Protein chains: 2
Amino acid sequence: MNQLTQRQYQALKTKKKILKSALELFSKNGFNNVTIDEIAKNSGTSKGAFYVHFDSKYGVFLEKFKEIDQFYEEFTKSLPSNISFNEKILRLFEGQMIYLQESLGKDLMRTVYMSGLIENEHNFFVNMERTLYKIIEGYIQEGIEQNELSSNLQIRRTSLLISRCMRGTLYDWLLFGEDYDLVQESDQFIRIFLNGLKK
Amino acid sequence: MNQLTQRQYQALKTKKKILKSALELFSKNGFNNVTIDEIAKNSGTSKGAFYVHFDSKYGVFLEKFKEIDQFYEEFTKSLPSNISFNEKILRLFEGQMIYLQESLGKDLMRTVYMSGLIENEHNFFVNMERTLYKIIEGYIQEGIEQNELSSNLQIRRTSLLISRCMRGTLYDWLLFGEDYDLVQESDQFIRIFLNGLKK
DNA sequence: GAATTTCACAGACTACGGTCACTGACTATA
DNA sequence: TATAGTCAGTGACCGTAGTCTGTGAAATTC
């Protein structure tokens with residue numbers, strides 16, 4: 001049954017209204033200067049409606065973040081397949097950092113990293129990374145096949161560690177601000193890590 | 001003028017009462033289940049008094065965290081000086097992770113990493129790391145002198161990168177919870193990084 | 001030592017996130 | 001198509017973080 005009932009259709013419309021309103025206000029006033037009451041009022045709905053559709057202000061990003069998956073998808077497609085494992089990872093890191101910095105912005109990323117820390121906040125952060133893991137795991141697999149990586153590397157584990165490099169780099173970006181060049185920091189860090197990975 | 005006036009002495013006493021009260025309640029009920037009203041009441045003072053002495057609930061840690069510095073200090077003292085650079089870093093990581101896990105606990109660490117993300121929250125997090133940097137920088141310096149590390153390593157930068165390994169590992173601990181063995185994860189990660197560091 | 005200023009502290013108040021009981025329109029069922 | 005059940009949506013309410021104004025005792029000034 002894929003046809004929406006009138007009720008479901010109405011609900012979806014409300015959700016979209018709230019989402020639109022919220023994103024508008026966020027970009028106008030900054031995430032921290034927007035209250036849920038405002039979002040509710042601005043969207044012509046109510047606080048209760050907001051909480052029907054979203055867990056919290058952070059929850060609004062669950063939606064926004066489908067964009068990230070889209071980024072990953074396009075990225076992998078655009079990547080030539082004849083480059084080495086190291087090159088793939090380096091480009092992935094660079095591409096991601098530029099994307100996060102330019103398209104999503106620091107404020108938004110701050111809220112993402114914030115929400116990751118909130119207990120029982122339904123951890124979309126962890127889920128969000130799924131696509132990322134898949135991609136990295138794929139690269140590792142290929143790297144092993146091409147004999148660029150030791151074959152007794154645990155793929156799942158290794159991809160986790162590599163993604164941890166991202167998180168560490170991004171957390172520091174949020175922590176130190178100002179004269180922190182995200183792309184450069186990321187590049188330096190992952191280069192060392194990759195170097196340490198090869199036998 | 002080092003002598004406290006009666007007023008200053010009184011104020012200090014009040015601050016200590018509040019601090020004691022707060023830490024008691026935290027350890028009894030967990031950080032997130034303690035309100036500032038409770039702290040005020042339990043300490044026999046008032047909310048106003050609390051905010052005179054602390055910025056926020058997080059601010060209480062500024063005090064608590066002198067303990068961390070103490071940990072670092074004792075740790076470095078206890079470390080034999082005839083071991084290699086790698087060994088020192090590995091032990092530092094292991095010691096720290098055990099300490100943070102056992103003595104401070106996850107809840108508390110979560111609030112630390114949280115507060116690091118809050119803008120203009122007076123970034124004691126960054127400051128807190130100062131002692132840590134000093135220690136790592138010292139190790140690197142020694143490592144270079146002993147010819148264990150390349151001499152064109154930038155000390156300041158490298159210590160930052162090493163400390164980033166800690167943050168990445170700890171952030172993931174808070175993120176993934178449950179079957180995340182902090183000590184083991186930390187060890188595995190830093191080993192790879194150290195391996196990548198040597199020329 | 002009287003007058004003035006300062007400041008630790010009290011606690012009422014505000015703002016905001018989040019909850020909950022209720023409503024009424026929609027949907028399912030007979 | 002009448003009835004029962006469901007659920008999106010409402011907004012008053014609550015808990016708590018943080019603010020603000022007032023107060024009196026201590027400190028300073030004269």
Side-chain angles (χ1 to χ4, degrees), chain A residues 1-22 25-26 29-63 110-111 114-115 117-122, chain B residues 1-22 25-26 28-63 107 110-111 114-115 117-122:
Chain A
M1 169 76 162
N2 240 335
Q3 187 62 33
L4 292 179
T5 64
Q6 187 185 334
R7 207 187 230 172
Q8 290 171 314
Y9 176 72
Q10 179 54 44
L12 198 65
K13 249 174 67 182
T14 302
K15 182 170 185 178
K16 277 186 184 162
K17 267 200 295 187
I18 294 173
L19 182 62
K20 185 160 166 279
S21 239
L25 288 169
F26 290 162
N29 304 330
F31 184 83
N32 294 314
N33 302 314
V34 176
T35 69
I36 292 180
D37 281 320
E38 273 182 283
I39 296 172
K41 196 173 171 193
N42 186 266
S43 68
T45 64
S46 70
K47 210 169 195 175
F50 180 92
Y51 279 100
V52 165
H53 295 291
F54 302 97
D55 282 349
S56 69
K57 233 173 20 160
Y58 299 112
V60 176
F61 292 122
L62 250 182
E63 301 299 319
R110 181 170 282 118
T111 66
M114 207 77 140
S115 82
L117 293 177
I118 298 173
E119 257 176 320
N120 97 24
E121 176 83 13
H122 252 5
Chain B
M1 170 75 163
N2 240 335
Q3 187 62 32
L4 293 179
T5 65
Q6 186 185 334
R7 208 188 228 170
Q8 290 171 314
Y9 177 71
Q10 179 54 44
L12 198 66
K13 250 175 65 182
T14 303
K15 181 170 186 180
K16 278 186 182 161
K17 267 199 295 186
I18 293 174
L19 183 62
K20 184 159 168 280
S21 237
L25 288 169
F26 290 163
K28 198 170 68 183
N29 304 329
F31 185 82
N32 294 315
N33 302 315
V34 177
T35 69
I36 292 180
D37 281 319
E38 272 181 284
I39 297 172
K41 195 174 171 191
N42 187 265
S43 68
T45 65
S46 71
K47 210 168 194 175
F50 180 93
Y51 279 101
V52 165
H53 295 291
F54 302 98
D55 282 349
S56 68
K57 233 175 16 163
Y58 299 113
V60 176
F61 291 126
L62 253 181
E63 302 297 321
D107 266 12
R110 181 171 281 116
T111 65
M114 208 73 142
S115 82
L117 293 177
I118 298 173
E119 258 175 319
N120 97 25
E121 176 83 14
H122 252 7

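If you're wondering where the values come from, they're calculated on a predicted model, not measured in any experiment. As a basis for the values below, the full set of heavy atoms in this structure was taken, side chains included, without hydrogen atoms, waters or symmetry mates. Every chain is numbered from 1 and lettered A, B, ... according to where its sequence line falls, protein lines coming before strand lines.
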Query raised in the report: Does the ring of A:Phe50 carry A:Lys57 above it, NZ/CZ under 6.0 angstrom from centre and within 45° of its axis?
Result: no
**Report entry** Nucleotide C:dG18, atom P - distance to CG of B:Asn32 in whole Å
**Finding:** 13 Å
Requested in this report: Look at A:Gln10 and D:dA8 and indicate whether a side-chain polar atom (N or O) is within less than 4.0 Å of OP1 or OP2.
Outcome: no
**Report entry** For atom CD1 of A:Ile18 and atom P of D:dA8, their distance in whole Å
**Finding:** 12 Å
Report task. Check the distance between C:dC9's C1' and B:Lys41's NZ and give it to me in whole angstrom. Result -> 18 Å
**Report entry** Closest contact, heavy atoms only, B:Phe54 versus B:Ile18
**Finding:** CE1-CG2, 3.6 Å
Report summary line: Once base and sugar-phosphate atoms are separated, protein heavy atoms under 4.0 Å mark nucleotides 10-22 of chain D, 5' to 3', with B, S and - as BB----SBBB---
Query raised in the report: Once you round it to whole Å, what is the distance between C1' of C:dG17 and CG of A:Asn33?
Result: 16 Å
Report task. In whole angstrom, give the distance that lies between atom CD of A:Gln6 and atom P of C:dA25. Result -> 12 Å
Report task. Take the protein atom CZ of B:Arg7 and the nucleotide atom C1' of D:dA26, then report the distance between them rounded to whole Å. Result -> 5 Å
Query raised in the report: Given atom CG of B:Leu4 and atom P of C:dA8, what is their separation to the nearest angstrom?
Result: 12 Å
**Report entry** B:Val34 to B:Leu25 - nearest heavy-atom pair and separation
**Finding:** CG2-O, 3.5 Å
Report task. Using whole Å, report how far CZ of A:Phe54 lies from P of D:dA8. Result -> 14 Å
Requested in this report: To the nearest 0.5 Å, tell me how far A:Ile36 CD1 sits from A:Glu38 CD.
Outcome: 10.5 Å
Report summary line: Of all heavy-atom pairs linking B:Ser46 and B:Ala40, the shortest is C-CB, 3.5 Å
Report summary line: dist B:Thr14:OG1 -> B:Leu19:CG (nearest 0.5 Å) comes out at 12.5 Å
Query raised in the report: Taking the side chain of A:His53 as its heavy atoms from C-beta onward, which of D:dA27, C:dT27, D:dG9 lies nearest to it?
Result: D:dG9
